[in-house]
Colleague: 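Okay, here's the structure, questions in a sec.
When a ligand or atom number is given, it counts from 1 through the structure's own listing order. Basis for what follows: all heavy atoms, side chains included, without hydrogens, waters or symmetry-related copies. Everything numeric in this text was worked out from a predicted model, so none of it was measured.
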Amino acid sequence: MTSRFPFQLKTPDLLKTEAFVNGAWIPASSGKRFDVEDPGTGETFASCPDFDESDIEAVVRSSQEAFQHFRKENPRSRAKKLLAWDHLIRQNRDDLALVLTYEAGKPLAEAYGEIDYALGFTWWFAGEAERVRGNVSTPAAPNRRVLIVKQPIGVAAALVPWNFPIAMILRKVGAALAAGCTMIAKPSPETPLTCLILANLALQAGFAPGVFNVVTTSLKNTPAVAEALCKHPNVKKVSFTGSTPIGSLIAKHCAESLKKVTLELGGNCPFIIFDDCNQDQALEALLTLKWRHAGQACITANRVYVQEGIYEEFLAKLVERTKTIKLGHGADPETKMGPLTTPRAVPKAQAHIKDAVDGGARVAFGGRTGSDMGLSSGYYHEPTILRDVDQSMLISREETFAPVLGLLRFSTEDQVVEWANDTSMGLASYCFTKSVDRTWRIMENLEAGMIGMNTGNSSAAESPFGGMKQSGYGKESGKDVAVEEYLVSKTVTMTLENHY
Ligand SMILES: O=CCCC(=O)O
C-alpha cells in the first residue's frame, strides 16, 4: 500500500486535510489552501484549507445551533462521549504519534509521551462532566433560599499553539465539552493535522455535528481569523495559549464584548539548584525538562541557577549527558532531539547565544545550527549549554524557546529568589533542595503559578495549570477550576411562604 504522505498510517482514512465544520469536511470559501511542512526536512507534505474571516460566521452559527442541544444533554451522556473519544484516541495512538512527529518535528518517543499526557485530559474531564455543582444556602432574610445554578457559558473558541498540539487541544476541548459548551478550535498553521484527526475521532465518538468544529488557517490569515472569533457576539469564551504579546492582543479583542478569557502565555522559567540537593535528581529533571521538544515548551527551564559550591561539578555532568543526545529527524528511532518546529526559531537561538557570548558567557557545549553541522535541510539546532551567564543577557530576560540553556552561578537564597522573580513572567519555577524549611520559604516566595519542588514535571490533568504576572490568567486542568472557566453562575433568590 502506498501513501500520498511520507509516512504510512495503520488507518489511512483517519487523516483528513479539510476543515471540520458541522460534522462535514469542507474547504475554505475562497478555495485557497496553505502548506504544512515537515520541520525535519523543510518539505511540504500536506495542505489544509486557508479559512479567512469571511468563513467564521457560518462556523459560529453551526456551533451556536449545536449548543442549543448540547447544553441540555445529560452530563452522563457527555461523559460517555468523552470516554469514547478517549478510547478511540488510545486505539489510534500510533497513527497520531506519527503525524505529530511529521508536523511538529518531535521525536516519536516524545510524540507518544504527549499523547499519553493528553489522554489524561479526556479521562479527567469525562469524570468532571458529572461533578458540576451549584449550591443552596439560607440567607439572613426570613423565608428565603438562595440557589447558585451553574450553566455552560455558550460557544467557546480555542486558539492553540504548535508545540503541544494534541495536549493543548484536549486540555481546552475536554473542559469545554464537560461543561456542556460547544467549541471551535483553531490549531496553529504549523500543526493542523493532529487536530483534524482528533475531530475525526470526536465524530466517531458520537459528538453531534457542530459540537466540535475545527477551523484551519494560514499564518497570514491567523490574526484576522482569531480576531473574528474573539469579536463574534456568539462566542462567549476564548482560551488562548501562546506568546504574551499575542495574548495581550487577544485580551483586547475580547474586551470589546467583555468575553471570558483564559490566557496561558510565555514562560522564562527559573530552575534553581541548591548545593544541598540530590544532584542526580536535579540533573535528570533538567535534562528531561529542557531538552524535551528541543526546548520548545512554555514551562521549560530558561534560566538555570546553580549554587556556587556545586556549579563546576553540575556543569560537567550536564555537558557529559548532553553530548550523548542524537539530533535527527523525529521519525528515526535513534533520534533523541528533533528539529525546531519553525524556521524563525533558529536565528532567535543564535541571537541569544551571540548576545550571551558578547556579554562574557562561554559556550560549554554546542552552539551550532543544523547547517553549521552539515545538515542540508530542516530547522535543526544543536543542544547548547552556556556558562557564566548573567541576569542582563537576553537568554535570562526573554523566553528562548530553543535548545539553548544558560547556567548562572548564585551564592545565597535571597539573591537567587530575587533573580528568579526579576521577570515580568510568572508561569513555572523549579527548585531542588533537601531542606524542609527552605522548601516552604521558596514555595511562598517564588512568583509563579506552578512550582516544581524537586521535580521538573508538574503538568497533569489533575493539577491546575496556569501562570501569574504576564504569563496570563485563568487555570486549565485540575479539579473544579478548569471546567469553571466554561460556566456561568446564576444566583436565584426564592421567597417561600410561611417557612422560616
Ligand atoms: O508549552 C506549554 C504546555 C506544556 C505543558 O502542558 O506541560
Colleague: For ligand 1, which atoms have a heavy atom of Phe164 less than 4.0 angstrom away?
Modeller: 1 (O)
Colleague: Against heavy atoms of Arg292, which atoms of ligand 1 measure under 4.0 Å?
Modeller: 7 (O)
Colleague: Starting from atom 5 (C) of ligand 1, find the nearest protein heavy-atom neighbour and note its residue, name and distance.
Modeller: Tyr117 OH, 3.4 Å
Colleague: If you measure from each non-hydrogen atom of Thr241 to ligand 1, which part falls under 4.0 Å: side chain, backbone, both or neither?
Modeller: neither
Colleague: Could you tell me if Arg303 sits above the aromatic ring of Phe271, with its cationic atom closer than 6.0 Å to the ring centre and no more than 45 degrees from the axis?
Modeller: no
Colleague: With under 30° as parallel and over 60° as perpendicular, where do the rings of Trp85 and Phe207 fit, or are they tilted in between?
Modeller: perpendicular
Colleague: With Arg438 as the cation and Phe274 as the aromatic partner, state whether NZ or CZ is under 6.0 Å from the six-membered ring centre and within 45° of the axis.
Modeller: yes
Colleague: Closest non-hydrogen protein atom to atom 2 (C) of ligand 1, residue and atom name please, with distance?
Modeller: Cys298 SG, 2.4 Å
Colleague: Would you kindly say whether Glu190 and Thr341 are connected by a side-chain donor-acceptor distance under 3.5 Å?
Modeller: no
Colleague: Report the nearest protein non-hydrogen atom to atom 7 (O) of ligand 1: residue, atom name, distance rounded to 0.1 Å.
Modeller: Ser459 OG, 2.7 Å
Colleague: Does at least one non-hydrogen atom of Ala297 fall below 4.0 angstrom from an atom of ligand 1?
Modeller: yes
Colleague: Check the angle between the aromatic planes of Tyr305 and Phe410 and answer parallel, tilted or perpendicular using the 30° and 60° thresholds.
Modeller: perpendicular
Colleague: Please confirm whether Met168 approaches ligand 1 to less than 4.0 Å, judged on its heavy atoms.
Modeller: yes
Colleague: Does one side chain, of Thr194 or Glu103, offer a donor that lies under 3.5 Å from an acceptor on the other?
Modeller: yes
Colleague: Under the side-chain hydrogen bond (donor to acceptor under 3.5 Å, both in side chains) rule, what do Thr262 and Lys475 come out as? Steps first, then yes or no, please.
Modeller: CA-CA 7 Å; Thr262 301; Lys475 294 285 182 191; over 6 Å; no
Colleague: Can an N or O of Arg171 be found at a distance shorter than 3.5 Å from an N or O of ligand 1?
Modeller: yes
